[in-house]
Amino acid sequence: MRELDQLLTKSAIQAIKDCFGDNVDPGIIQFQQTRVEFEGHRTLVVFPLTRISKLSPEATGEKLGQWLVQHEDLIQSYQVVKGFLNLSVSADYWTNQLLRASAMNPYGFQEPESKPLVMVEYSSPNTNKPLHLGHLRNNFLGFSVAQILKAAGHQVKKVQIINDRGIHICKSMVAWQRFGENETPESSGLKGDKLVGKYYVAFDRAYKEEIQSLLANGADEDTAKKEAPLLIAAQEMLHQWEKGEPAVVELWKQMNGWVYDGFDATYAEMGVDFDHLYYESNTYLLGKDEIARGLKKNVFFQKDDGSVWIDLSEDGLDEKLLLRKDGTAVYMTQDIGTAIKRYEDFPGLDRQIYTVGNEQEYHFKVLFKILEKLGVPGANRNFHLSYGMVELPEGKMKSREGTVVDADDLLKEMAETAQQMAIDLGKVEGLDEEAIKTLSKQVGYGALKYFLLKVSPTKSMMFDPKASIDFIGNTGPFIQFNFVRASSVIRKCQEAGITTDIGAIDAEAWDELELRLIQDLLIWPETLELAAEQYDPSIIANHCYEITKAYSRWYQDHSILKESNTSKQHARISLTKLFIHEIEIAMKLLGVEMPERM
RNA sequence: GGUUCCGUAGCUCAACUGGAUAGAGCAUCUGCCUUCUAAGCAGACGGUUUUGGGUUCGAGUCCCAACGGAAUCACCA
C-alpha cells in the first residue's frame, strides 16, 4: 500500500505541476483509504492544495482527477466529494498485489535478524506468591512484543529477572519453618508456588496477630509493627541469607525451587518462554562499581553523610538516591548495574524493553536518564513498555482482601468455559478427549489473550470476573472461527478436486467488495511495522478483527464450492488463502493459536 | 501541592497520529440455517467525544483553563 501511495504521490506532484505550474513538496500530498460509503480506493486530500491551485477544493480535485485518469494507468476513474478526490485503482493492480502477497511466506515479515538485537524483559515475578491476572497481561504483552519485533526483522532475546531474594521470600520461609511441619508440594499436592504463597499469607496473618497483642500491651502502632517478633525473625533470616548461612541458603533454594516448578507449569500453559533468566540474587550487588565510576566523572555527587545522589532537576526530575549512607544499594543501583551487565552479556545489544506496570514510569525515566549520563550508547533507545493496571469492578486487586485473580485459576476457567460452550454448540462430535482438551485450551486461552491484548497497553483496563470473557463478537474465538471456516472451505475444494494452487487470476472476476477486502489484507505489512515501532500488539489485534469482520461479511454471500464460473472460483480461493495465512501469522504474534476445527 | 497518564454510546473498547456523516462488540429489540461450520450474517436502538475557551479550510486528536479519575513524587522493591 505504501508502494501504491508513493506511486500516486509522484503522479500527483506531476499533475499539480502540469495543472497549476507549481512544484510542491511531497509532504503536502496526503493519501488515505477511501471510506467505504464512497466509491474508490485511495483518497487524495485536496484542501492543502487549494493554496496552490487558487481554486475551490472541488475544482482542484476535479482538475487533478482528470489529469490522473488520463496520465496514470493505475487509475480507472475518480470522484470528487467535497475536498476529497477519490481514486479508483484498477483491478489489475490489486490482483497483482494479491498474487505477490500470496507468494510470500510469511507475508509481511522482514528478513530474520536483519535488524539489531533487542532485549524484551517481562514477567519478572517475586518468588513468594503465585502469578495473577496482572502477570498475565504483563506476560502476554511482553511475549507478543518480542514476537512482533522478531517478525519485523529484529534479533530478540526474551528475558526475565526473578526477584528471588529479599524480605518477601524470607517471610514465607519463616512461616514455613514455624507452621509448615515439613509440608512439601508432594505431601500437600499443592503446586509449589501455591504452597509458598500459602505461607506468605500465613506469615501475614500471624504477624498481624502479634501486632494486635503488642498493641493490647500498650505499645504504639509504629513500634508494634517494627518490633513484632516474626518480622524480626524474617529480617534476621535475610541477614543470615546475605552472610551465606548454609541452612538458610538451603531452605531458600528448596522453597524457590518449588516456586520455579510452579511458575514453569503456568508459563507452559500460557505459552510464553524465555531465552535467558536473570536472578536478583546474582545481580543485587551489581551497580556499585558504576556508582563509583559515575562519582569520579561527577555525574553523581556525595552528600556529607556519605550517601550518593544524582541531581536530575535540570531534566525536570528530582534528586535521586543511588547509594545509602551505609554504602548499601537501593533498587535503582541494582537496575543500573543489571542494565549495564546486559550490554556486556549480549554484545551488539541495541536496546532493552522493560515490560513493567505504569506505576514505575518515573523509575524508568530516571534509569534511562542515568544510563545516558553515564555514557551508555543508545541509552535513550531503551523503552519502558508501560501498561495500565487490570482493574476489577470493586477496584484494584488486593491480596489482603482476597480479590486477586489467580493466573492458574483463570486459565483453567477459560478452558472449561470454552469446553462447555463447544459441547453446547455440538462442536465436539467425533473428537476424542485429547482433541477436546486441545481445542478448549486453544479457544479459551485465545479468548483471554485477545481480550488482554486488544486494548492499548498504556490504558488501564476493566476485568469483571463475574461477567466471564466473551466468545462472540470482537473476540479471539470469532477470529478463530472464521479461520476454521475458511480453512474448511479450502479443504473441501481439495477434496472435490478443485485446484487451490492459483497461479493467475482474471482481474475481471472481482466485485467491489472483494477489491475492498484485498485492500484490507494488503495493509498488513505496514500494520506489522507500526506495531513494532510502537511496541503495541493491540494494533495487530485490531487489524485481525477488521479483516476477519470483512471476510465474514463477504463469506456470507460468496460461495466458493458452488461457484460455476471458474475464474471467479479461483479468485475467491486465492483471496481466502491469503486471509487464512495472514490471520494465522498475525494471531500467532499475539500468542493465539488457530484450531483445526471448532 | 509538583509531575505523568487518562476522561468517547448503558457497559467494554476503536478511530490509520489534524480529515469526510465519530466506529465495533456486549446488552435490548427484528429478520436469516434443506444452502462451503449460525462461536455467523443483515437491520433497529443508542453520542453536544466531561465542561469552557483558543489555533485553522477542518479538532475526539494540538494549545490554555476548569472538573473528575489513576499512578508517582521512599535511605521499599
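The basis for the numbers below is simple: all heavy atoms, side chains too, and nothing from hydrogens, waters or symmetry mates.
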- Task: Begin with the C-alpha distance, continue with both residues' side-chain angles, and end with the deciding distance and a verdict on ring-ring contact (aromatic ring centres under 6.0 Å, His included) for A:Phe140 and A:Tyr122.
- Result: CA-CA 9 Å; A:Phe140 293 150; A:Tyr122 54 94; 9.9 Å; no
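- As judged by a 4.0 angstrom heavy-atom cut-off over every strand, A:Glu546 is placed among residues making no nucleic acid contact.
- For the P atoms, the distance linking B:A22 with B:G68 amounts to 30 Å, nearest Å.
- In B:C33 the O4'-C1'-N dihedral to the base is within 90° of 0, which defines a syn nucleotide.
- Rounded to the nearest Å, the gap between the P atom of B:A14 and that of B:U50 is 14 Å.
- If you check every strand for non-hydrogen atoms under 4.0 Å, A:Phe84 touches a base.
- Nucleic acid contact class of A:Pro48 (heavy atoms, under 4.0 Å, all strands): base.
- Residue contacts shown for A:Met598 include a base, since a base heavy atom lies under 4.0 Å away.
- At a cut-off of 3.5 angstrom, the base of B:C41 holds no donor-acceptor pair with the side chain of A:Asp557.
- One cannot find a donor-acceptor pair under 3.5 Å joining the base of B:U35 and the side-chain atoms of A:Gln556.
- Using a 4.0 Å cut-off between charged side-chain N and carboxylate O, A:Lys225 and A:Glu221 make a salt bridge.
- Residue contacts shown for A:His558 include a base, since a base heavy atom lies under 4.0 Å away.
- Phosphate contact (OP1/OP2 of B:A39, side-chain N/O of A:Lys427, threshold under 4.0 Å): present.
- One finds a side-chain N or O of A:Arg485 lying less than 4.0 angstrom from the OP1 or OP2 phosphate oxygen of B:A38.
- Note: A:Phe47 and A:Phe84 have perpendicular aromatic rings, judged against thresholds of 30 and 60 degrees for the angle between ring planes.
- At B:U37, one or more side-chain N or O atoms of A:Ser488 fall inside 4.0 Å of OP1 or OP2 (strictly under the cut-off).
- Figure legend: A:Lys303 and A:Trp309 shown as a cation-pi pair, the cationic atom lying under 6.0 angstrom from the six-membered ring centre and within 45 degrees of its axis.
- Glycosidic conformation at B:U17 (O4'-C1'-N9-C4 for purines, O4'-C1'-N1-C2 for pyrimidines): syn, within 90° of 0.
- Base contact: A:Phe481 has a heavy atom under 4.0 Å from a base atom.
- When the C1' atom is compared between B:G46 and B:A39, the two are found 25 Å apart, to the nearest whole Å.
- Distance check on atom C1': B:A59 versus B:U17 gives 13 Å, rounded to whole Å.
- Close to B:G7, at under 4.0 Å from its OP1 or OP2, lies a side-chain N or O of A:Lys459.
- Ring centroid separation for the pair A:Tyr535 and A:Phe383 comes in under the 6.0 Å cut-off.
- Only the P atoms considered, B:C64 is 31 Å distant from B:G47, to the nearest whole Å.
- A centroid separation of less than 6.0 Å is found between the aromatic rings of A:Tyr284 and A:Trp241.
- A:Glu359 comes within 4.0 angstrom of the backbone, heavy atoms only, and of no base.
- At a threshold of 4.0 angstrom between heavy atoms, the contacts of A:Ile560 include nucleobase atoms, whether or not backbone atoms are also involved.
- Within 4.0 Å (heavy atoms only), A:Ser456 reaches sugar-phosphate atoms of the nucleic acid but no base atom.
- Within 4.0 Å of A:Val455, counting heavy atoms only, lie sugar-phosphate atoms of the nucleic acid but no base atom.
- If you measure from atom NZ of A:Lys454 to atom C1' of B:C26, you get 9 Å, rounded to the nearest angstrom.
- Classified by interplanar angle (parallel below 30°, tilted 30° to 60°, perpendicular above 60°), the ring pair A:Trp554/A:His558 is parallel.
- Under the 3.5 Å distance criterion, with hydrogens and angles disregarded, a donor-acceptor pair is assigned to the side chains of A:Ser386 and A:Glu361.
- Within 4.0 Å of A:Ser552, counting heavy atoms only, lie sugar-phosphate atoms of the nucleic acid but no base atom.
- Comparing A:Asn542 and A:Arg553 by the nucleotide of RNA chain B that holds the closest heavy atom to each, the one mapping nearer the 5' end is A:Asn542.
- Each of A:Lys365 and A:Val81 lies near RNA chain B, and the nucleotide nearest A:Lys365 is the one positioned closer to the 5' end.
- Note on A:Lys549: only backbone sugar-phosphate atoms sit closer than 4.0 angstrom, heavy atoms only; bases stay farther off.
- Here, B:C45 and B:U37 have their C1' atoms 30 Å apart, quoted to the whole Å.
- Counting any heavy atom pair closer than 4.0 Å across all strands shown, A:Gln30 reaches a base atom.
- Counting distance only, with no hydrogens placed and no angle test, the side-chain atoms of A:Thr43 and the base atoms of B:A20 include a donor-acceptor pair under 3.5 Å.
- At the phosphate of B:C16, neither OP1 nor OP2 sits under 4.0 Å from any side-chain N or O atom of A:Arg2.
- Across all strands, A:Arg35 comes closer than 4.0 Å to base atoms (heavy-atom distances).
- Atom C1' of B:A44 sits at a distance of 15 Å from the matching atom of B:A9, rounded to the whole Å.
- Distance check on atom P: B:U3 versus B:U49 gives 28 Å, rounded to whole Å.
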